[in-house]
Amino acid sequence: MSTADIKKNAEGRMAKSVEALKNELHKIRTGRAHPGILDQVHVDYYGSPVPISQIANVSLLDARTISVQPWEKGMGAKIEKAIRESDLGLNPSAQGDLIRVPMPPLTEERRKDLTKVVRNAGEDAKVAVRNLRRDANDQAKKLLKDKEIGEDEERRSLDDVQKLTDRVITEIDKLIAAKEAEILAV
């Protein structure tokens with residue numbers, strides 16, 4: 001393993017941490033409707049839990065209403081029940097085959113709670129990135145100890161990993177700030 005391999009591995013793993021944060025932030029709802037909010041809701045479909053998007057068409061009716069159009073006639077009640085029982089705090093209503101999911105407006109207290117959740121998710125992502133930095137630095141130090149690289153190359157590797165870490169943490173901060181602004185602006 002070389003220092004380039006260490007940096008490439010750390011970079012790939014840090015990118016996965018940022019992607020995981022994006023997915024986590026995507027689940028946190030604001031006052032606006034977004035079809036992705038229902039991605040984590042699973043419906044019992046012939047004995048196995050299936051995401052709503054695989055058994056129904058999920059789209060927006062307007063800025064505050066999601067529509068769910070089941071592909072099978074009998075699935076409407078199951079989908080409605082799954083949305084109601086999810087921890088999203090949504091109250092769907094059926095109109096024939098169409099299920100309307102209105103997004104309740106956020107209270108000021110709930111907005112503040114959501115910003116805390118966003119900050120915690122961001123801090124968790126930063127901790128993960130810092131752990132990856134530590135692992136990469138340990139690998140470089142091990143290469144130096146095993147005399148596979150020189151001190152200059154080890155120092156250069158540590159600097160590269162630190163620059164990568166700083167860049168990723170800045171990206172995480174930007175994601176957190178954007179989500180907080182989205183929550184507070186609604």
Side-chain angles (χ1 to χ4, degrees), residues 8-129 131-132 135 168 171-172 174-176 178-186:
K8 186 176 181 182
N9 183 22
E11 193 168 4
R13 292 173 69 192
M14 286 181 188
K16 287 180 183 175
S17 292
V18 171
E19 205 53 45
L21 174 66
K22 286 179 182 177
N23 289 337
E24 188 66 30
L25 293 179
H26 191 67
K27 293 176 186 175
I28 298 172
R29 72 175 182 89
T30 59
R32 283 187 230 115
H34 188 282
I37 291 170
L38 298 178
D39 286 349
Q40 68 213 32
V41 178
H42 287 66
V43 179
D44 182 46
Y45 185 67
Y46 296 109
S48 60
V50 177
I52 287 180
S53 60
Q54 292 184 8
I55 59 170
N57 186 23
V58 181
S59 60
L60 293 178
L61 287 177
D62 57 48
R64 290 195 170 280
T65 311
I66 300 172
S67 72
V68 180
Q69 181 75 47
W71 293 327
E72 287 185 30
K73 292 273 186 207
M75 292 305 296
K78 289 182 179 181
I79 293 172
E80 188 177 354
K81 181 180 178 201
I83 294 171
R84 190 169 283 118
E85 290 177 353
S86 70
D87 61 350
L88 297 173
L90 301 174
N91 191 18
S93 62
Q95 295 177 334
D97 289 340
L98 182 71
I99 300 169
R100 297 170 142 258
V101 185
M103 300 299 291
L106 294 175
T107 63
E108 193 61 35
E109 183 179 329
R110 182 68 178 140
R111 289 174 203 262
K112 289 178 182 173
D113 290 345
L114 287 175
T115 57
K116 288 178 187 172
V117 170
V118 168
R119 286 187 189 127
N120 286 339
E123 198 54 45
D124 290 346
K126 288 180 186 179
V127 168
V129 167
N131 288 339
L132 293 170
D135 293 346
V168 171
E171 184 179 348
I172 289 171
K174 287 179 184 175
L175 288 170
I176 293 168
K179 190 64 175 186
E180 284 180 353
E182 183 182 332
I183 290 170
L184 296 174
V186 174

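These numbers were taken from a predicted model, which means no experiment stands behind them.
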Participant: Under 3.5 Å, which donor-acceptor pairs link side chains of residues 14-22 to any protein atom two or more places apart or in another chain?
Facilitator:
from	atom 1	to	atom 2	distance (Å)
S17	OG	R13	O	3.4

Participant: Minimum heavy-atom separation for A82 and H42, please, with both atom names.
Facilitator: CB-O, 3.6 Å
Participant: Is there a side-chain contact between I83 and I52, using heavy atoms and a 4.5 Å cut-off?
Facilitator: yes
Participant: Mind listing the closest non-hydrogen atom pair of E180 and T115 along with its distance?
Facilitator: OE2-O, 3.9 Å
Participant: Could you pull out all residues at least two apart from N23 that satisfy side chain to side chain donor-acceptor pair (under 3.5 Å)?
Facilitator: none
Participant: If the condition is side chain to side chain contact (heavy atoms under 4.5 Å, CB included), which residues does N91 pass it with, not counting sequence neighbours?
Facilitator: R84
Participant: Give, for atom CG of D113 and atom CD of E108, the distance between the pair rounded to the nearest 0.5 Å.
Facilitator: 10.5 Å
Participant: Got a second to check how far E72's CD is from I79's CD1, nearest 0.5 Å?
Facilitator: 9.0 Å
Participant: CG of L25 to CD1 of I176: how many Å apart, nearest 0.5 Å?
Facilitator: 7.0 Å
Participant: Partners of D124 by side chain to side chain contact (heavy atoms under 4.5 Å, CB included), sequence neighbours excluded?
Facilitator: none
Participant: Applying salt bridge (Lys or Arg N to Asp or Glu O under 4.0 Å), which residue pairs with at least one partner in residues 42-56 are found, sequence neighbours left out?
Facilitator: none
Participant: Are L61 and I66 side-chain neighbours, meaning at least one heavy-atom pair lies under 4.5 Å?
Facilitator: no
Participant: For S53, enumerate each residue passing the side chain to side chain donor-acceptor pair (under 3.5 Å) test, keeping only those at least two apart in sequence or located in another chain.
Facilitator: none
Participant: Please name all residues satisfying side chain to side chain donor-acceptor pair (under 3.5 Å) with Q95, sequence neighbours left out, ordered by chain then number.
Facilitator: R100
Participant: Checking V50 now: which residues fulfil side chain to side chain contact (heavy atoms under 4.5 Å, CB included) with it, not counting sequence neighbours?
Facilitator: Y45, S48, Q54, I55
Participant: N120: which residues meet the side chain to side chain contact (heavy atoms under 4.5 Å, CB included) condition with it, sequence neighbours left out?
Facilitator: none
Participant: Between E11 and K8, is there a salt bridge with N-O shorter than 4.0 Å?
Facilitator: no
Participant: For a quick test of reading the model, state the closest non-hydrogen atom pair linking P70 to I99 and the distance between them.
Facilitator: CG-CD1, 4.4 Å
Participant: Suppose we screen for side chain to side chain donor-acceptor pair (under 3.5 Å). Which residues come up paired with S93, at least two apart in sequence or across chains?
Facilitator: none
Participant: Which residues pass the salt bridge (charged side-chain N to carboxylate O under 4.0 Å, His left out) test with E171, sequence neighbours left out?
Facilitator: none
Participant: Name all residues meeting the salt bridge (charged side-chain N to carboxylate O under 4.0 Å, His left out) criterion together with D97; count only those two or more places apart in sequence or in a different chain, and write none if there are none.
Facilitator: K73
